[in-house]
Amino acid sequence: MWLRAVGVLVAVLLTAGTGYVVSQAPTEVAQAPSAPPGSETETTTPTAPASSDPAPEPTATPAPEPSATTTQPSPVGRAEQRAATRLRRLVRRADVEGVVALSVLDVEGREVFAHHASRPVIPASTQKLAVAAAALVQLGPSHRYTTSVAATARPNARGVVNGDLVLVGGGDPTLAGPRFGRVEPERPRTPMEVLARRVRRAGVRRVTGGILADPTILAHEPVATGWRLRYFDSLDATRIVGLTVDAGRRVYRTSGGHLRSEAAGDPSRQAIVTLRRLLRARGVDVGRRLRVLSEPHPRAQELARIHSPPLETMLGYMVQRSDNHLADTIFRTVGAAAGSPTWVGSAGATANALAPLKLD
């Protein structure tokens, strides 16, 4: 049903002026922007380009290597000629390691600029197009992720939970607190403060235990094979788990009062620390116990839930801003939806979702 979206996504990206470089770098630097400050509406969904779908994977048989010179195949008009000239200058000035391969197509699929376009190299953010296409096919553009809070015992007449709260992750890559909304104001955001408010509305006034994290929708593989520790230092990557807040980062205030962020060592724990802070700010007394579960709690009963912005909003932002955390998490949830919540399983699920598109 969503297969026709593929061409539209590519067209939208090209007309919006977004370029994708394929290079031998292990990943493309992508630091995300984020969503509006803590509004108390259910979701914050900034205007995003209409999303569509992906790009072909490299062919199994490498094509003959072209000459090293940059070419400008049949530009369509003056605008394309000017763009090709600018790209040619940028490629000449580029100070990058390895080989840069670049191909730019217009909305009709005609190539207007090429540089090593047929040379097989390791893909960078072009892979986000494949992720976007597979997500549209597997999940659908209107899909919303759900995050919920459950309790190991129902609150009594005085609002006391004699036990723990359980924050149950649904793989939402946009779950965030109000502080992160100021760090990344444009990024789609599922406002965690709304979830905290709903827990209080469910009658909770005191929790004798603490808060447990349930990230088990995804297999516990926070780091993909081949990732290097320096990716986390530069925020090219954050750890990918089934319960994440603030794009997998820890947001903190410097001595000068500025907000900064760094990759969280344990994103699920960071999520329950954030929920506890938000609950306490709303008058809910929560104990100090914090723990990350390795399997769902057998007795937890749901008290409140919140839904993310629609998938198409996330994908529009993901491909335009090259947001690695969105891409990595959505990729993993494509696998989870197909019953394979690992990195390897997600690769297989993505290939299966793309198969009906009959890409080369």
Side-chain angles (χ1 to χ4, degrees), residues 1-28 30 49-66 73-74 99-141 143 224 311-312 314-320 322-324 326-340 342-360:
M1 182 176 179
W2 306 112
L3 306 189
R4 295 174 58 191
V6 176
V8 182
L9 175 58
V10 175
V12 167
L13 295 176
L14 291 171
T15 52
T18 301
Y20 294 89
V21 175
V22 179
S23 74
Q24 286 184 328
T27 88
E28 190 176 79
S51 85
S52 291
D53 273 56
E57 297 179 346
T59 54
T61 305
E65 187 175 321
S74 57
V99 174
V100 172
L102 179 66
S103 176
V104 180
L105 311 180
D106 68 9
V107 294
E108 302 298 328
R110 291 171 293 196
E111 189 173 74
V112 297
F113 180 80
H115 178 79
H116 285 312
S118 299
R119 182 169 183 167
V121 292
I122 299 172
S125 281
T126 46
Q127 293 185 101
K128 290 184 174 71
L129 295 174
V131 171
L136 287 171
V137 171
Q138 182 72 41
L139 303 172
H143 174 77
L311 180 66
E312 61 184 347
M314 296 185 191
L315 295 180
Y317 185 91
M318 179 188 87
V319 294
Q320 287 290 332
S322 196
D323 188 308
N324 287 346
L326 281 172
D328 289 332
T329 308
I330 291 171
F331 173 75
R332 291 288 304 275
T333 60
V334 167
S340 302
T342 63
W343 288 100
V344 171
S346 298
T350 297
N352 290 339
L354 295 177
L357 303 180
K358 303 189 187 309
L359 301 174
D360 181 357

When rounded to the nearest 0.5 angstrom, what distance separates [atom1] in [X] from [atom2] in [Y]?
X: T329; Y: R332; atom1: OG1; atom2: CZ; result: 8.5 Å
X: H143; Y: T333; atom1: NE2; atom2: OG1; result: 6.0 Å
X: L102; Y: R119; atom1: CG; atom2: CZ; result: 14.5 Å
X: N324; Y: K128; atom1: CG; atom2: NZ; result: 4.0 Å
X: I330; Y: L311; atom1: CD1; atom2: CG; result: 5.5 Å

Do you know the tightest heavy-atom contact between [X] and [Y]?
X: P356; Y: N352; value: CD-O, 3.4 Å
X: H115; Y: F113; value: CB-CE2, 4.2 Å
X: Q138; Y: V334; value: CG-O, 4.0 Å
X: F331; Y: A347; value: CZ-N, 3.4 Å
X: A130; Y: T350; value: O-CG2, 4.2 Å
X: V137; Y: A353; value: CG1-O, 3.6 Å

